[in-house]
Amino acid sequence: MDPLLNFQGQVAIITGAADGFGRLLADALAYRGCKLVLADINEELLAAAVKDLREAGGDVVSMAADVSDESAHKSLVELALESYGKLDIAVNNAGIAHIPGALHTLDAETIDAQFNVNLKGVFLGMKYQIPAMLSNGKGHVLNVSSMAGLGGAPKAAPYSAVKHGVVGLTKTAAVEYGRKNIQVNAICPFFSPTSLLDKGGFTTEESRAQLVMGSPMKRMADPQEVVSAMILMLSPANSFMSGQSVAIDGAMSAW
């Protein structure tokens with residue numbers, strides 16, 4: 001197998017693995033020989049994903065997890081070490097959206113939920129993932145931010161704020177642990193038709209057509225396009241890239 005795509009012998013944690021980017025990434029990594037430790041708050045969807053992966057020959061363990069709960073991250077890393085003896089890759093993908101609204105119309109409950117899942121969930125993940133990687137002598141953390149983490153996002157102030165925070169955590173961890181051979185990067189996708197978009201209130205063709213006006217390519221990112229970029233970023237052959245927040249945006253940031 002091409003070394004750029006060879007994940008044989010690698011062990012990866014993926015949060016938010018039951019659908020969307022997380023599920024597609026699990027499929028892609030398992031196909032390339034990676035052993036998987038999957039987590040999601042949706043137990044039913046997670047069980048279905050694990051069943052499909054195992055039937056396809058994947059080596060997978062899983063646990064239901066709320067990423068805002070510190071003990072869940074500790075247990076998830078322990079599961080990886082007990083099952084496979086090491087941790088090479090961690091993808092902090094779990095996230096939530098909120099219904100759009102001007103900043104002054106949003107309540108504290110909305111920003112608290114965004115902080116707890118989208119930012120604290122990433123911080124707590126790295127808190128336990130990185131020590132396992134230090135013991136392993138290497139590792140790669142990939143955090144899922146957003147284009148809203150690189151610029152303003154009208155009517156999504158809480159989401160944008162925490163996604164900017166994910167970029168900050170990524171850069172800081174990359175600097176702190178670079179000499180320990182641990183890479184930390186973030187991916188920042190443009191809108192993509194996953195369940196997260198539905199939960200953000202963009203359920204009609206009209207609302208989605210408005211979103212793509214911000215991209216020179218005039219379309220959303222297919223989820224598989226985003227996952228293909230994630231695979232390239234996580235490739236064992238991509239060993240000197242760290243501290244980067246990579247836009248997958250159809251040239252939106254090039255305006």
Side-chain angles (χ1 to χ4, degrees), residues 5-8 10-69 72-73 75-77 79-80 83-84 87-97 117-118 121-122 124-125 129 140-147 159 163 166 185-200 202-203 208 219-235 246 248:
L5 300 175
N6 188 356
F7 288 83
Q8 293 286 341
Q10 299 273 294
V11 177
I13 285 175
I14 306 174
T15 66
D19 68 354
F21 299 148
R23 172 59 197 275
L24 290 173
L25 180 63
D27 290 341
L29 287 174
Y31 175 74
R32 292 168 175 83
C34 192
K35 299 175 182 179
L36 301 177
V37 183
L38 306 183
D40 201 283
I41 198 168
N42 189 320
E43 295 186 52
E44 184 177 350
L45 280 180
L46 180 61
V50 170
K51 180 176 181 291
D52 289 346
L53 284 160
R54 286 177 175 164
E55 287 179 351
D59 191 345
V60 188
V61 295
S62 68
M63 62 173 279
D66 176 353
V67 295
S68 67
D69 179 0
H73 293 283
S75 296
L76 192 57
V77 171
L79 178 61
S83 301
Y84 301 120
L87 178 63
D88 299 290
I89 294 168
V91 182
N92 294 304
N93 167 70
I96 59 172
V117 176
N118 289 351
V122 173
L124 292 173
Q129 295 154 5
H140 196 157
V141 177
L142 181 61
N143 297 321
V144 178
S145 181
S146 166
M147 286 304 297
Y159 184 80
K163 290 300 187 177
V166 170
N185 291 295
I187 191 166
C188 300
F190 186 61
F191 296 109
S192 185
T194 67
S195 61
L196 196 67
L197 202 63
D198 293 331
K199 293 170 184 175
F202 298 100
T203 58
R208 295 188 173 197
R219 65 176 179 86
M220 293 190 189
D222 184 278
Q224 188 59 63
E225 291 177 310
V226 176
V227 169
S228 293
M230 295 170 81
I231 287 288
L232 292 173
M233 291 176 71
L234 288 169
S235 167
V246 178
I248 308 298

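The structure places SG of Cys188 at 8.5 Å from CD1 of Ile248, a figure rounded to the nearest 0.5 Å. For the atom pair NZ (Lys51) and CG (Leu46), the distance works out to 14.0 Å, reported to the nearest 0.5 Å. Between atom OG of residue Ser235 and atom CZ of residue Arg32 there is a gap of 10.0 Å, rounded to the nearest 0.5 Å. The CE atom of Met63 sits 7.0 Å away from atom CG of Leu79, with the distance rounded to the nearest 0.5 Å. The CG atom of Asn185 sits 11.5 Å away from atom CE of Met230, with the distance rounded to the nearest 0.5 Å. In this structure, the separation between CG on Leu24 and CD on Glu225 is 11.5 Å, given to the nearest 0.5 Å.
Within 6.0 Å of atom OH in Tyr84, more than 12 heavy atoms from other residues, nucleotides or ligands are found, so the atom counts as buried in its surroundings. Within 6.0 Å of CD in Glu55 there are more than 12 heavy atoms belonging to other residues, nucleotides or ligands. A 6.0 Å sphere centred on CD of Gln224 holds more than 12 heavy atoms belonging to other residues, nucleotides or ligands.
Val117 and Gly95 get closest at one heavy-atom pair: CG1-CA, 4.0 Å. Annotation for Ala65 and Ala39: closest pair CB-CB, 4.0 Å, computed over non-hydrogen atoms. Shortest non-hydrogen contact noted between Phe7 and Ile231 is CZ-O, 3.8 Å. The two atoms that bring Val227 and Ala28 nearest to each other are CG1-CB, 4.3 Å, heavy atoms only. Minimum heavy-atom separation, Ala94 to Val67: CB-CG1, 3.8 Å. When all heavy atoms of Met233 and Ala186 are compared, the closest pair comes out as CE-O, 3.5 Å.
The side-chain heavy atoms of Leu142 and Ile89, taken from C-beta on, include no pair separated by under 4.5 Å. Contact check for Ile187 versus Phe21: no side-chain heavy atoms found under the 4.5 Å cut-off. Inter-residue side-chain proximity for Leu53 and Leu38 is flagged as met; some heavy-atom pair is nearer than 4.5 Å. The side-chain heavy atoms of Leu76 and Thr15, taken from C-beta on, include a pair separated by under 4.5 Å. Annotation: side chain of Asp52 is in contact with side chain of Arg23 (closest heavy-atom distance under 4.5 Å). Within the 4.5 Å cutoff, the side chain of Leu234 has heavy atoms near those of the Val91 side chain.
Distance alone, capped at 3.5 Å, is enough to place a donor-acceptor pair between the Asp88 side chain and the Val11 backbone. Under a 3.5 Å cut-off, the side chain of Asn93 and the backbone N or O of Ile14 do not form any donor-acceptor pair. Of the possible polar contacts, one joining the Ser145 side chain to the Lys163 backbone as a donor-acceptor pair under 3.5 Å is found. Between the side chain of Asp40 and the backbone N or O of Ala17 there is at least one donor-acceptor pair closer than 3.5 Å.
Considering Val61, Val50, Val60 as possible partners of Leu36, the one that fulfils the side-chain contact (heavy atoms from CB on, under 4.5 Å) test is Val60.
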Walk me through it: do Val141 and Asn92 pass the test side chain to side chain contact (heavy atoms under 4.5 Å, CB included)?
-> CA-CA 8 Å; Val141 177; Asn92 294 304; 3.7 Å; yes
